[in-house]
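The figures here come from the full heavy-atom set of this structure, side chains too, leaving out hydrogens, waters and symmetry mates.
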Amino acid sequence: QVQLVESGGGLVQAGGSLRLSCAASGSIFRINTMDWYRQAPGKQRVLVATITSGGSTNYADSVKGRFTISRDNAKNTVYLQMNSLKPEDTAVYYCHAEIKKGIVTPWIDYWGQGTQVTVSS
């Protein structure tokens with residue numbers, strides 16, 4: 001089985017920083033894109049940042065210049081460095097990855113369990 005395990009969430013004051021980590025483990029042949037999504041109370045889950053296997057990145061407009069996504073392919077881990085946090089960044093943050101378990105198997109979407117980020121004003 002494949003698992004994505006997130007860590008690094010918590011409570012921080014506005015203007016502060018947090019670093020989220022997400023490690024993929026299990027029967028993994030290859031990982032394609034890795035992403036961070038977030039879901040605020042009463043709202044839909046939205047894409048925050050994406051990084052391809054080659055290191056290309058893309059960000060939601062709301063986090064550009066404040067958040068940085070990176071990955072360590074040797075560790076099957078993706079990170080989200082969040083700086084200058086705002087109360088509106090408060091949400092549950094989810095890790096997502098497209099993973100192949102073998103050469104001939106399809107790409108499958110996997111999700112982490114989510115980690116709470118709360119930014120106080």
What pairs of residues pass the disulfide bond (SG atoms under 2.5 Å apart) test when at least one of them lies in residues 54-121, not counting sequence neighbours? Cys22-Cys95
For Glu6, the side chain to side chain donor-acceptor pair (under 3.5 Å) test, sequence neighbours excluded, returns none
Nearest atoms (heavy-atom pairs only) where Ile99 meets Ala24: CD1-CB, 4.4 Å
Taking atom CD of Gln39 as the centre, report whether more than 12 heavy atoms of other residues, nucleotides or ligands fall under 6.0 Å from it. yes
Ser121 to Ala14 - nearest heavy-atom pair and separation: CA-CB, 4.4 Å
Keeping to residues at least two apart or across chains, list the salt bridge (charged side-chain N to carboxylate O under 4.0 Å, His left out) pairs with something in residues 56-65. Asp61-Lys64
Can you sort out the partners of Glu88 under side-chain contact (heavy atoms from CB on, under 4.5 Å), two or more places apart, ordered by chain and number? Lys86
Salt bridge (Lys or Arg N to Asp or Glu O under 4.0 Å) with Arg66: which residues, sequence neighbours excluded? Asp89
Closest heavy-atom pair and its distance - Ser62, Arg38: OG-NH2, 3.4 Å
Trp107: partners by ring pair (Phe, Tyr, Trp, His ring centres under 6.0 Å), with sequence neighbours left out: none
Nearest-0.5 Å distance that lies between atom NE2 in His96 and atom OG1 in Thr33: 6.5 Å
Side-chain (Ser56) to main-chain (Thr52) donor-acceptor, under 3.5 angstrom: no
Closest approach of Leu18 to Leu85 (non-hydrogen atoms, all atoms of both residues): N-CD1, 3.8 Å
Mind checking salt bridge (Lys or Arg N to Asp or Glu O under 4.0 Å) for Asp109 and listing every partner two or more places apart, or none if nothing turns up? none
Sequence-distant partners of Lys43, side chain to side chain donor-acceptor pair (under 3.5 Å), two or more places apart: none
Ignoring hydrogens, what is the shortest heavy-atom contact between Ile108 and Tyr110? Give both atom names and the distance. O-CD1, 3.5 Å
Within a 6.0 Å radius of atom CZ on Arg30, are there more than 12 heavy atoms belonging to other residues, nucleotides or ligands? no
Can you find a pair of side-chain heavy atoms, one from Ile69 and one from Thr50, that are under 4.5 Å apart? no
Tell me the disulfide bond (SG atoms under 2.5 Å apart) pairs involving residues 46-81, sequence neighbours left out? none
Fellow cluster residues of Tyr37, listed by chain then number, with links counted only when side-chain atoms sit under 4.5 Å apart: Leu47, Val92, Tyr94, Trp111
Find out whether Ile51 and Thr57 are in side-chain contact, i.e. whether some heavy atom of one side chain is under 4.5 Å from a heavy atom of the other. yes
Between CG of Leu11 and CD of Gln116, what distance do you get to the nearest 0.5 Å? 9.5 Å
Quiz: residues 75-82 side-chain donor-acceptor pairs under 3.5 angstrom, not counting sequence neighbours:
from, atom 1, to, atom 2, distance (Å)
Thr77, OG1, Lys75, O, 2.9
Gln81, NE2, Asn83, OD1, 2.9

Between CG of Leu4 and CD of Gln113, what distance do you get to the nearest 0.5 Å? 8.5 Å
Have Asn73 and Arg71 got a donor and an acceptor in their side chains that come within less than 3.5 Å? yes
Could I get the full list of side chain to side chain donor-acceptor pair (under 3.5 Å) partners for Thr68, not counting sequence neighbours? none
Taking all atoms of both residues into account, what is the closest heavy-atom pair of Ile103 and Phe29, and its distance? CG1-CZ, 3.4 Å
